[in-house]
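Reading through the C-alpha cells given below for one structure.
Chain letters run A, B, ... following the sequence lines, proteins first, then strands; residues in each count from 1.
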Protein chains: 2
Amino acid sequence: MVNVQQGIGYMDSGVGGLTVVKEALRQLPNERVIFIGDTARNPYGPRPAAQVKAFTWQMTNFLLSKKVKMIVIACNTATAAALPEIQAALDIPVIGVIVAGSQAAIKATKNEKVGVIGTIGTIKSHAYPQAIQRQAPQVEVTGVACPKFVPLVESDEYQSAVAKKVVAESLEPFDNRDIDTLILGCTHYPIIRHLIQNRIGDQVTLIDSGAETVNQVSALLEFDQLAAAPASQPQHEFYTTGNPNMFQRIAGDWLELTDLDVRHIDLEELIKHSEVKHAKK
Amino acid sequence: MVNVQQGIGYMDSGVGGLTVVKEALRQLPNERVIFIGDTARNPYGPRPAAQVKAFTWQMTNFLLSKKVKMIVIACNTATAAALPEIQAALDIPVIGVIVAGSQAAIKATKNEKVGVIGTIGTIKSHAYPQAIQRQAPQVEVTGVACPKFVPLVESDEYQSAVAKKVVAESLEPFDNRDIDTLILGCTHYPIIRHLIQNRIGDQVTLIDSGAETVNQVSALLEFDQLAAAPASQPQHEFYTTGNPNMFQRIAGDWLELTDLDVRHIDLEELIKHSEVKHAKK
C-alpha cells in the first residue's frame, strides 16, 4: 500500500533535471522531492543506449530504496532509452519527459511544423517524432542534435561568449525550415533558453518538456489519488554523483533554488543498485 | 478488454462542451468523438446538485451504450456534482474539467491570486478552491458565479450589445482584487472569451479549463495505452436533446466545426438510460 506522504523520485544525467524540480516545487509544494543527478557520468547523450539504460536502472533502484511513490525520468536521453522497460517493470507510476513535451508541441503549433533539439541519443532514438506523429500524424517534425549544449551547462560556461556562438551554429539547420514551435528536448536546455530564443526568433514558441512533465505528474497524482496531504512540510533530498558545491551553485544561480540539502553519492555506491530487485509485485 | 479504436465520450449541458471537442479534434485527430449535449434541459447551473447528478448519469450511460473507452465530463457543473461518484463506479477512465483547470491556473499564476468564474452550481460547490488549495495551499482563490453567461451562449445572443453589458457587470467583483489568472470554469465561456478578456484586462491570463482537459485526456491515453492507431479515419457522432440546427450553427460559426454529424435524441430516450447498469466489473 502506498503512503501518499512518500516522496516523488526525479533523476537526471546531471543538473538539467533541476529545471523540472523547480517547476515541481512551485506547482506541487506539498510533495517531497528526492532527486539524483549523475553528474560524474554526464553527459549521457553520446553514450550507447544500452549503457544509458543500465545507468537509468541504477538511479531507478536508488530512488526505489528511498521508497518513492512515483518516478520521473527528468532526462530525455534516459527516457528515450529506458522508459518503456522501467514502466513495464515497476508497480508505481513512471513518467518520462518526451510524451509531455510532444503533447505540448501538438497543442502549441499552428502551422504543424515542429522542431526538436536534444542530445545525440535522444535525436537518434526518434522518440519525439514517433510520439508526436502517433498522436498527430499531420505534424512535420525536424530533429537536430546539439551535443555541445549539455557540457556547456554542466561546466558552468553557459554565460560565456562561446555559449552564444555554439548556440548560433547548432541551430543553423532550422534556418528556412519555417517551424513555429521548438521543443527543448533536454532538461538542461531551459538554462540557456534565452540564447536559444534569441537565435531562433520570437515567433517560435519554445516548449520546455520538463515543465510540461510536471503537468502530467500532477494529473497522475490526482488520478491515482497519490497526492500528499496539504500543509505537508516536505523534506527534500538531492543527491549527485559529482561535486555537490558545483551542483549547489548552478541550482542557486539559475534556478533560484537555495538551501538545498545536496549530498554526494559515490558511483560505487550507486552501482550497487544494479543489483536491487525491481520486479513487479 | 478495451479496443483502442473505440470512441471517447464527451458530455455537456449544451453546446459548451464543443469547446473541449474542438481542441480534442485538433490535438487527437485519430480519436473518435461521441458527444452528447443536453440542450433541452440547459442550463444545469441553477439546478440542485442531485438533479445534475441524475442527468449526468443518464448521459454517462448513453455514452457507455456507444461503447466508449473513456468519458470526459466536459461540463464544470456536472463535474462538480457527479465526477467522484462516476469515477468510482466505472472501470474506464472518467475525466472532469476542474482538476485540469486548477492545475493550469497554479502553473500560470505568478502572484498566487486566482479568480474563477462559473455557474452557480460550480461556484457553490467550492470544487475549484478545493482542487487548487489541496495542491497549492498558498494560492488565494476568488469565485464569482456568472449565471447569465450560459443562457447568452445557448440562445445565440453572445454577439449582442447585451452580452457586453452582462459580462461587464458580472465581472465587477474582481475589480481591485488583483488577480493575475482567471479560470473560465464553464465550457461555454470560451465562446465569449474576447468579451471576458476585454473586461478583465490583458494582464490577466485566462485559463480555458476545457482545453486544458484535453492535455489530461492525451496523457491518460498514453499512460493507459488507450490511444487509437495513427491514420484512423474516425467517424464522429454528435447528439443533442435540443434543436440540431441551432447546435450545428453555433458549432459552425464559433468553433469552425462544419459538416458535423448531429442527431437529435429525445429526452424520453435519454431518460431510459437511467436504468442501465453501470456497476464496476
Side-chain angles (χ1 to χ4, degrees), chain A residues 4 22-31 70 83-84 87-88 93-96 98-110 112 129-139 208 211-234, chain B residues 4 22-31 70 83-84 87-88 93-96 98-110 112 129-139 208 211-234:
Chain A
V4 296
K22 186 186 184 185
E23 206 46 38
L25 291 174
R26 194 175 73 79
Q27 290 184 43
L28 301 166
N30 301 323
E31 300 293 340
M70 185 184 282
L83 178 68
Q87 255 174 351
V94 183
I95 299 178
I98 290 175
V99 165
S102 299
Q103 292 176 344
I106 292 168
K107 191 177 173 203
T109 184
K110 304 261 189 269
E112 303 189 330
Q130 276 167 13
I132 291 172
Q133 288 167 347
R134 195 168 54 222
Q135 182 177 324
Q138 77 281 10
V139 175
D208 178 345
E212 297 299 331
T213 300
V214 177
N215 283 10
Q216 303 212 335
V217 171
S218 53
L220 268 185
L221 285 174
E222 185 68 29
F223 210 79
D224 289 351
Q225 300 185 296
L226 286 174
S232 311
Q233 294 252 324
Chain B
V4 296
K22 186 186 183 184
E23 207 45 41
L25 291 175
R26 194 176 72 79
Q27 290 184 43
L28 301 165
N30 301 322
E31 300 293 339
M70 184 183 285
L83 178 68
Q87 255 174 352
V94 183
I95 299 177
I98 290 176
V99 165
S102 300
Q103 292 176 345
I106 293 167
K107 190 177 175 203
T109 184
K110 305 260 189 268
E112 303 189 328
Q130 277 166 13
I132 291 171
Q133 287 165 349
R134 195 168 55 222
Q135 181 177 325
Q138 76 282 13
V139 175
D208 178 344
E212 298 300 331
T213 300
V214 176
N215 283 9
Q216 302 211 334
V217 172
S218 52
L220 268 185
L221 284 174
E222 186 69 29
F223 209 79
D224 290 351
Q225 300 185 296
L226 286 174
S232 311
Q233 295 252 320

Interatomic spacing from CD in A:Gln135 to CG in B:Leu28 - rounded to 0.5 Å: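 If we round to the nearest 0.5 Å, A:Gln135:CD and B:Leu28:CG are 5.0 Å apart.
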
Rounded distance (nearest 0.5 Å) linking atom OG1 of B:Thr109 with atom CZ of A:Arg26: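 It comes to 8.0 Å.
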
Winner by heavy-atom pair count (cut-off under 4.5 Å) against chain B, out of A:Gln27, A:Glu31, A:Gln138: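 Option with the top pair count is A:Gln27.
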
Best-contacting candidate, A:Ser218, A:Ala104, A:Ala211, A:Ala100, against chain B by heavy atom pairs under 4.5 angstrom: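 Option with the top pair count is A:Ser218.
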
For a quick test of your reading: what N or O donor-acceptor pairs under 3.5 Å do the side chains of residues 219-228 of chain B make, sequence neighbours left out?
from	atom 1	to	atom 2	distance (Å)
B:Glu222	OE1	A:Arg134	NH2	3.2
B:Glu222	OE2	A:Arg134	NH2	2.8

Full working for side-chain contact (heavy atoms from CB on, under 4.5 Å) between A:Glu212 and B:Lys107: CA-CA 10 Å; A:Glu212 297 299 331; B:Lys107 190 177 175 203; 3.2 Å; yes

Contact class of A:Val94 relative to chain B, heavy atoms under 4.5 angstrom: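 For A:Val94, the contact with chain B is made by the backbone alone.
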
Side chains of A:Gln216 and B:Gln103 in contact at under 4.5 Å (non-hydrogen atoms):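 Side-chain contact under 4.5 Å: no.
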
Under the side-chain hydrogen bond (donor to acceptor under 3.5 Å, both in side chains) test, residues paired with A:Gln130 that sit two or more places apart: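 side-chain hydrogen bond (donor to acceptor under 3.5 Å, both in side chains) check on A:Gln130 returns nothing, list empty.
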
Heavy-atom pair with the smallest gap, counting every atom of B:Pro29 and A:Ala136: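 Reported closest heavy-atom pair: CG-CA, 3.9 Å.
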
